[in-house]
Amino acid sequence: GTFSSASGQAATDYYVVLFPAERSLWHERSPRLRIMRPAPDGGFSTRDLLPGSYRIAAVTDVEENEWRTAAFLESVFDSSIAVTVVDGQIVRQDIRIK
């Protein structure tokens, strides 16, 4: 997807956190947790996600491995966006900061 500011410019000063919607899957070693920085054009991507329901959140600051904790994921859950990953399909989710 792409990540942009309210004005439509690429938003590269953020982290994009992808995590499972199901809270029972929130553990440090979960293969369903991802964090990424948008590219200069705002693009971001990840590969090899297990099928299922996920959430995507944007944060400006995150401590090393903090994003792997249930407390952190709970703190961003309400402001995150729902996305579903289906086996064998490419999913695209653009994000615009309000």
Side-chain angles (χ1 to χ4, degrees):
T2 59
F3 190 59
S4 59
S5 66
S7 66
Q9 299 296 320
T12 58
D13 294 338
Y14 290 80
Y15 292 89
V16 177
V17 181
L18 181 91
F19 59 99
E22 176 60 46
R23 287 172 171 85
S24 67
L25 299 173
W26 295 357
H27 55 85
E28 259 186 42
R29 304 221 187 276
S30 175
R32 298 173 186 259
L33 296 173
R34 306 288 168 89
I35 191 168
M36 59 211 97
R37 294 295 293 247
D41 66 356
F44 65 92
S45 67
T46 189
R47 295 181 150 320
D48 302 325
L49 276 175
L50 296 169
S53 297
Y54 289 85
R55 306 291 297 189
I56 299 175
V59 296
T60 56
D61 191 32
V62 61
E63 298 292 325
E64 184 175 342
N65 291 320
E66 174 188 31
W67 58 277
R68 292 186 164 277
T69 67
F72 175 82
L73 298 175
E74 191 65 54
S75 75
V76 299
F77 189 89
D78 288 340
S79 62
S80 64
I81 299 169
V83 64
T84 300
V85 173
V86 178
D87 194 27
Q89 291 184 2
I90 295 174
V91 178
R92 180 182 177 94
Q93 179 64 57
D94 294 330
I95 302 170
R96 181 171 274 193
I97 300 169
K98 295 181 181 179

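Position 1 is the first residue of the sequence; numbering continues from there.
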Asker: Quick one: list whatever passes side chain to side chain contact (heavy atoms under 4.5 Å, CB included) with T84, sequence neighbours left out.
Answerer: S53, V86

Asker: Using the side-chain hydrogen bond (donor to acceptor under 3.5 Å, both in side chains) criterion, which residues pair with S5? Sequence neighbours excluded.
Answerer: S7

Asker: If the condition is ring-ring contact (aromatic ring centres under 6.0 Å, His included), which residues does F3 pass it with, not counting sequence neighbours?
Answerer: Y14

Asker: Verify the cluster assignment for I81 and V85: are they in a single hydrophobic cluster under the rule of side-chain heavy atoms below 4.5 Å apart?
Answerer: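 Yes; V85 is reachable from I81 via cluster members.
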
Asker: Which pairs, with at least one residue in residues 81-97 and sequence neighbours excluded, count as a salt bridge (Lys or Arg N to Asp or Glu O under 4.0 Å)?
Answerer: R92-D94

Asker: Give me the atom names and distance for the closest heavy-atom approach of S80 to A57.
Answerer: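 Looking at all heavy atoms of both residues, the closest pair is CB-CB, 4.0 Å.
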
Asker: Write out all pairs satisfying salt bridge (Lys or Arg N to Asp or Glu O under 4.0 Å) with one or both partners inside residues 54-67, taking only residues at least two apart or from two chains.
Answerer: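 Listed by first then second residue: nothing to list.
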
Asker: CZ of F44 to OG1 of T12: how many Å apart, nearest 0.5 Å?
Answerer: 13.5 Å

Asker: Side chain to side chain contact (heavy atoms under 4.5 Å, CB included) with V59: which residues, sequence neighbours excluded?
Answerer: Y15, V17, V62, F72, V76

Asker: With side-chain contact (heavy atoms from CB on, under 4.5 Å) as the test, pick out the partner of T46 among I35, L18, V16.
Answerer: L18

Asker: Do V91 and L49 touch side chain to side chain, with heavy atoms closer than 4.5 Å?
Answerer: no

Asker: Rounded to the nearest 0.5 Å, what separation is found between the CD1 atom of I97 and the OG atom of S4?
Answerer: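 I97 CD1 to S4 OG: 7.5 Å, rounded to 0.5 Å.
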
Asker: Looking at A10 and P40, what are the two nearest heavy atoms and their distance?
Answerer: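 The answer is CB-O, 3.5 Å.
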
Asker: With salt bridge (Lys or Arg N to Asp or Glu O under 4.0 Å) as the rule and sequence neighbours excluded, what pairs involving residues 8-34 come up?
Answerer: R23-E74

Asker: Going by side chain to side chain contact (heavy atoms under 4.5 Å, CB included), name the residues that satisfy it together with D41, two or more places apart in sequence or in a different chain.
Answerer: A39

Asker: Among all residues two or more places apart in sequence or in another chain, which pass the ring-ring contact (aromatic ring centres under 6.0 Å, His included) test with F19?
Answerer: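 Checked F19 against ring-ring contact (aromatic ring centres under 6.0 Å, His included); matches are W26.
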
